[in-house]
Every structure is written in structure tokens, then in C-alpha cells.
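The block underneath contains the structure these notes are about, expressed in C-alpha cells.
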Amino acid sequence: MNPAVTRATRSVIAVVILIVMLFPLYWMLNLSLQPRGTGLATDWIPRALNFDGYAAAVRDQGNSLLVSLIVSLISVVVTLLIATPAAYALAQFRLRGVNVVLLVLAVSQMIPGIVIANSLYGAYNSLGLLNSFGGLILADASHSIPFAILIMRVTMQGIPAAVLEAAKIDGANQVRTFLSVAIPLARNGVITAALFSFLFSWSDFLFALTLTTTEQLRPVTLGIYEYLGADQTDWNAVMATAVFAALPATVLLLVAQRYVAAGAMSGSVK
Amino acid sequence: MTAPAESIRTRRRLGARTALFQWLFVVPALVYIGLYFAYPILQNIVTGFQHFTASTFYTGEAPWVGLDNYVQVIGSSSFFPVVRNTLLFTIGSTVGQFLLGLLLANFFRKHFPLGRVVRSLLLLPWLLPVIVATAIWRSLFDQDQGALSQLLQNLGVVSSGVPWLTSPNFALVSVIIVNIWIGVPFMLTILYGGLTEIPEEIYEAGALDGATGWRAFRHLTWPLLRPTVNVAVLLGVIYTLRSLDIILGLTRGGPANATQTMPTQSYQLSFQLFDFGQGAAMSNLLIVISFVFALVYLRANRPSVVN
């Protein structure tokens with residue numbers, strides 16, 4: 001890089017990059033605040049703040065937002081229940097075949113979702129799990145369980161063996177050591193895994209599309225998709241729903257930046 | 001039996017019991033992986049050889065048809081365009097994401113005010129649900145009223161609206177643009193991580209030998225960054241190959257199949273035409289392509305990984 005480019009100029013360039021990259025998000029906000037029926041040819045800044053779009057979003061998609069929230073929260077719980085002990089064992093116990101398990105986890109993240117959906121549809125149909133909260137939650141957890149195990153394993157490897165040994169000498173059994181020593185010490189990894197599990201389930205589209213068909217169990221991603229398929233699009237309502245759907249990622253990025261960065265950095269995300 | 005032998009045996013038995021107990025920590029995860037990854041993959045391979053349609057759900061009958069589904073899928077007139085679209089979409093997206101990500105990672109590498117904040121805010125497009133991104137870009141790409149057409153018209157670049165998503169000539173490029181927008185933050189993060197691991201002293205030593213600017217990048221940064229580049233490109237390609245929501249959200253595979261890829265085609269075969277056998281065949285071919293790519297790529301880059 002040219003040494004003449006000073007630190008201040010870099011800051012200015014960085015802000016310009018940010019404006020260009022985040023312009024689509026500004027546009028979402030702009031369109032969401034326009035009155036109904038304005039179409040897309042709007043001013044670059046909303047003239048008056050109009051919340052009709054938000055009212056329509058709550059009316060049409062309120063239930064979908066609630067479904068997404070419930071599914072995502074329970075999916076986080078399921079992911080942590082399954083992934084945390086596995087991550088601990090793979091990090092701290094000298095088990096045979098650890099490398100095989102790790103390879104399986106890494107490869108499973110690369111399997112196209114459509115392959116999973118294609119088979120799950122038939123299985124769910126026979127088991128009566130189509131259009132069920134449980135079925136959707138368990139399917140959504142497949143986005144996050146391998147990732148959660150891999151990322152928590154790294155943090156749990158950082159726990160010194162001496163600490164766990166000390167707990168054992170104090171009379172704590174394996175389960176107790178795991179619950180009250182390892183988990184608190186691996187807090188950061190657990191939080192990162194939980195945040196991403198939530199975002200993965202909240203963003204899920206494929207399983208919502210293939211494993212649910214009813215209005216009652218329609219996550220917000222599917223709600224937006226159906227909005228887009230309608231003949232007459234009310235862009236203010238679509239964009240207001242999009243704003244709601246974008247909230248978790250935005251809020252988490254602002255308040256839990258550290259954990260989000262750690263998760264993104266691990267490279268095995270998505 | 002002598003005392004030492006006894007104690008060794010007890011210890012062994014204890015060891016086996018401990019190992020068994022320790023595996024219990026992993027069992028739930030293994031069961032889950034079995035049900036939600038291993039079973040679907042194996043079932044999909046089987047389905048690929050069956051005549052598996054909507055009526056299968058009522059009759060329970062899925063007759064064995066050998067390679068018929070594969071013959072149908074590969075013999076279809078849309079097969080070649082679909083594979084071509086898949087490859088163009090994957091290569092175009094990954095190259096674009098990678099080059100912009102590398103440029104930005106290099107830019108943010110130097111410390112400057114706001115650098116860290118801006119870098120983390122740039123993650124937003126990647127963290128959003130893809131469907132949200134497609135909704136926004138559908139509005140930006142509207143031929144007559146969309147912000148992009150308006151902007152280009154006001155600047156005098158074009159005289160009438162650009163049919164971004166409605167013309168078979170533009171649609172694939174437009175979808176790639178959106179996917180680059182979504183994926184750049186991911187590449188930026190991984191490559192930035194790789195760059196920060198290169199020690200500063202190497203550049204100081206290199207500068208003495210006249211390696212500065214582009215030459216420093218070419219001879220110092222690039223070789224040292226190669227392992228990170230390999231991971232980034234490999235993940236980029238594999239994640240793009242399988243992505244489906246971005247295309248369904250933007251174009252649903254249209255116009256005139258111009259953005260139809262293997263995952264979207266597989267979805268349509270299974271869930272719109274209810275031919276799960278052919279859908280399975282198509283998605284199995286997709287897995288094969290992913291693995292062939294991963295193997296070829298890893299093999300081609302092995303020397304640089306080892307060094």
C-alpha cells in the first residue's frame with residue numbers, strides 16, 4: 001500500500017466501504033418506512049416516517065416471527081444439550097477414534113442441505129413429523145450441532161488438565177467436573193455456539209420450505225418468501241418484515257461482537 | 001494368580017469402564033449425526049435407484065429402477081445448462097468473494113481509527129438470513145423502479161431500466177453479485193485472520209532485500225497466506241455449490257431456467273414435481289461434484305499446504 005495513504009485517509013475510505021456495503025440495509029429501512037402503495041421509486045430519504053408497513057408486518061407475519069423465535073430458542077437448547085458433552089469428551093478424554101469423529105463432523109457440514117431435506121421428507125412423512133415443531137427444531141439443529149461441537153471443543157482444549165485433575169482430587173466425579181468446572185471455564189465457546197445456533201435456525205429456509213406446509217408453523221423466512229411470490233407486492237410490509245428478521249443478527253453483532261467475531265473466525269461456520 | 005497380575009487386570013477393567021463412560025458423552029451427538037446426516041445420505045443413495053413419487057407415500061411402493069433416474073436426469077435437455085450454471089455461479093461467486101475479501105483484508109490489516117468497528121460491522125450481510133438479503137436485492141434490482149436502475153439512469157449510464165433479474169442474459173450475473181455481497185465478509189474475516197498471523201519482522205527483513213509493496217505481497221504475503229487461502233477457497237466453493245435459498249429467493253431458477261442450478265433443480269424435481277427419485281439422483285451428483293472438487297483441489301495444493 002502507498003505510504004502516503006495516512007491513517008485518517010484510511011478511516012475515510014473504510015467508512016465509504018461501509019456505506020457502499022451496507023447501502024442495501026439502509027434501503028430496506030427506507031422502503032419499510034414508506035406509506036403503503038408507494039412502490040419502489042421512492043425518495044432516498046423517507047419524507048415522513050410511516051409505520052403502516054410495520055403494522056402490516058405484525059398483522060401478516062406476527063405469528064411467523066413468533067414461530068421463528070420459539071423454534072430458534074429451543075434449537076439452541078437442543079444443540080447445547082447434544083454438543084457440549086461431545087465437545088468436552090473430544091477435547092479432554094483420550095478416546096480412540098477422535099480424529100474419525102472430527103472428520104465426520106467437518107464433512108457433515110459440507111453435505112448439501114437438499115440431500116438431507118430430500119430424505120427427511122419421506123422419513124418425517126412416515127413418522128408424522130411433517131408440520132411439527134419438534135421435527136422442524138431437530139432438523140434445524142443439523143445446521144448447528146457439528147459447528148457447535150467443533151468450536152466448543154477448541155475452547156475446551158484450552159482448559160488446563162491440572163484444573164480438571166484438581167476437581168477430581170476434591171472428589172468431583174466426571175459429570176460434576178464437566179458441569180461445574182469445564183462449562184464455566186469454556187463459557188466463551190458455549191456462548192459463541194449458542195449465538196450461532198440461534199442465527200442458523202433463525203435463518204433456516206430449506207427445512208421450513210420442505211418440512212412445513214401449514215400457516216401455523218411457518219417461520220418468518222418462509223413468510224418473506226411467500227410475500228415475494230405474491231403478484232402484488234407491498235414493499236413497505238415486506239421490508240418491515242425483513243427489518244424484524246434482520247434484528248437478531250444486528251443486535252447480536254452490536255452487543256456480542258466479540259463472540260460473533262470468534263465464531264466467524266473459526267472458519268467452519270455455515 | 002499373583003497379586004500384580006490381579007491389579008493390572010482390575011485396572012484394565014476399570015480403564016474399559018471409564019472409556020465406556022467417557023464415550024457416553026459423545027453418544028447423543030453420534031446418534032444425532034447418524035439420524036440427521038448418515039441416514040439421509042444413505043437413504044438418498046437408495047432413493048436415487050427407486051421410482052419414488054408422490055404415490056409412494058400412499059402405496060409405500062418404490063420400485064427399483066436401477067440407473068433410470070440418473071439416465072433421465074443426465075439425459076434431460078436441461079442437464080447441461082444446469083451444470084454450467086452451477087459451475088458459473090460457484091466460480092463467479094467464489095472468485096469475486098475471494099478477490100474483494102483479500103483486498104479488504106489487506107486494507108484493514110493496518111491499524112487505523114475505526115478500522116476494527118468497520119470491519120466487524122461489515123459482517124452484517126453475511127449474518128443476515130439469506131432470504132432477507134434476497135428480498136432487499138429483489139427491490140434494488142427491480143427493472144423500472146429499483147434503486148440500481150434509477151441510479152444508473154440518473155448517471156446517464158443506461159437509457160432505460162436494466163432487466164437485472166428478468167432477462168436470461170443478466171439474471172445469473174445478478175445472482176452472483178448478490179452472493180458476492182453476502183460472502184465477502186466471510187472471506188474478509190478468514191483472510192484477515194490469516195494475515196494477522198504473519199509476523200511483522202518478515203516484512204522488515206524483506207524490506208532490506210527490496211521486497212516492498214507489490215513485491216512484498218507477491219513474495220512474502222502470498223506464500224505465507226496460502227494455507228489460509230486454501231481453506232477459504234475450499235469452503236467458499238463447497239458452500240456455494242450447495243446454496244439454494246439465494247437463487248430461490250431471487251429468481252426461483254428463472255427466467256427460462258437461466259439461474260437453475262443443481263440444488264434448485266433437485267428441489268424442483270422432488271418438491272414441485274414430486275419425483276423424489278430424480279431429485280435424489282440430482283443431489284447425489286451434486287455430492288459427487290463437491291467431493292471431486294475437494295479432492296482435486298487439495299491434491300493440487302498439497303505442496304503449498306505442506307510447506
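Order of the sequence lines fixes the chain letters, A, B, ..., with proteins taken first and strands second; residue numbering starts at 1 for each chain.
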Quick one: does [X]'s side chain get under 4.5 Å of [Y]'s, heavy atoms only?
X        : Y        : result
A:Phe196 : B:Leu127 : yes
A:Leu22  : B:Pro125 : yes
A:Tyr121 : B:Phe57  : yes
A:Trp27  : B:Ser139 : yes

Subject >> With B:Ser290 via side-chain contact (heavy atoms from CB on, under 4.5 Å) - residues at least two apart >> reply: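 Testing B:Ser290 for side-chain contact (heavy atoms from CB on, under 4.5 Å), a comparison that skips the adjacent residues, returns B:Leu241.
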Contact origin within [X] toward chain A - heavy atom pairs under 4.5 Å:
X        : value
B:Arg252 : side chain
B:Leu104 : side chain
B:Leu244 : side chain
B:Gln22  : both
B:Arg116 : side chain
B:Val184 : side chain

Cation-pi check for B:Phe108 against A:Arg10: NZ or CZ below 6.0 Å from the six-membered ring centre and within 45 degrees of the axis, yes or no?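 Relative to the ring axis of B:Phe108, which defines the angle, A:Arg10 lies outside at least one limit.
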Euclidean distance, [Y] [atom2] relative to [X] [atom1], rounded to 0.5 Å:
X        : Y        : atom1 : atom2 : answer
A:Met28  : B:Leu128 : CE    : CG    : 6.5 Å
B:Phe25  : A:Ile82  : CZ    : CD1   : 15.0 Å
A:Leu18  : B:Leu124 : CG    : CG    : 9.5 Å
A:Leu206 : B:Ser243 : CG    : OG    : 11.0 Å
B:Gln268 : A:Ile114 : CD    : CD1   : 10.0 Å
A:Met110 : B:Phe293 : CE    : CZ    : 10.5 Å

Contacting moiety of [X], where chain B heavy atoms sit under 4.5 Å:
X        : answer
A:Asn125 : side chain
A:Pro146 : side chain
A:Leu254 : side chain
A:Ile111 : both
A:Leu120 : side chain
A:Ala83  : neither
A:Leu138 : both
A:Val220 : neither
A:Ala87  : neither

Is there a donor-acceptor contact under 3.5 Å from the side chain of [X] to the main chain of [Y]?
X        : Y        : result
B:Trp181 : A:Met21  : yes
A:Ser11  : B:Leu114 : no
A:Tyr88  : B:Val26  : no

Could you tell me which of [options] has the largest number of non-hydrogen atom pairs under 4.5 Å with chain B?
options                                : value
A:Val175, A:Val101, A:Val243, A:Leu209 : A:Leu209
A:Phe178, A:Phe23, A:Trp44             : A:Phe178
A:Leu95, A:Leu252, A:Thr221            : A:Leu95
A:Ile145, A:Leu199, A:Val238           : A:Ile145
A:Gly113, A:Ala8, A:Pro24, A:Ala86     : A:Pro24

May I ask you to name which of [options] has the most heavy-atom pairs under 4.5 Å with chain A?
options                                : value
B:Val132, B:Thr56, B:Ile136            : B:Ile136
B:Tyr192, B:Phe291, B:Phe271, B:Tyr39  : B:Phe271
B:Pro113, B:Ser283, B:Ala29            : B:Pro113
B:Leu123, B:Thr47, B:Val117            : B:Leu123
B:Pro28, B:Ser120, B:Gly193            : B:Ser120
B:Gly146, B:Pro263, B:Ala147, B:Gly279 : B:Ala147

Looking only at heavy atoms, what is the nearest atom pair of [X] and [Y], with distance?
X        : Y        : result
A:Ser142 : B:Tyr36  : CB-CB, 4.4 Å
B:Gly249 : A:Leu228 : O-CD1, 4.0 Å
B:Tyr32  : A:Ala141 : OH-C, 3.3 Å
B:Arg242 : A:Gln109 : NH1-O, 2.6 Å

Problem set entry | Aromatic ring proximity, centroids under 6.0 angstrom, B:Phe21 and A:Phe93 |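 No - the distance between ring centres of A:Phe93 and B:Phe21 does not fall below the 6.0 Å cut-off.
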- Query: So does A:Leu103 have more than 12 non-hydrogen atoms from other groups sitting under 6.0 Å from CG?
  - Reply: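 More than 12 heavy atoms, drawn from other residues, nucleotides or ligands, come within 6.0 Å of this atom.
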Can you list everything that forms a side chain to side chain donor-acceptor pair (under 3.5 Å) with B:Arg138? Sequence neighbours excluded, please.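 B:Arg138: no side chain to side chain donor-acceptor pair (under 3.5 Å) contacts found.
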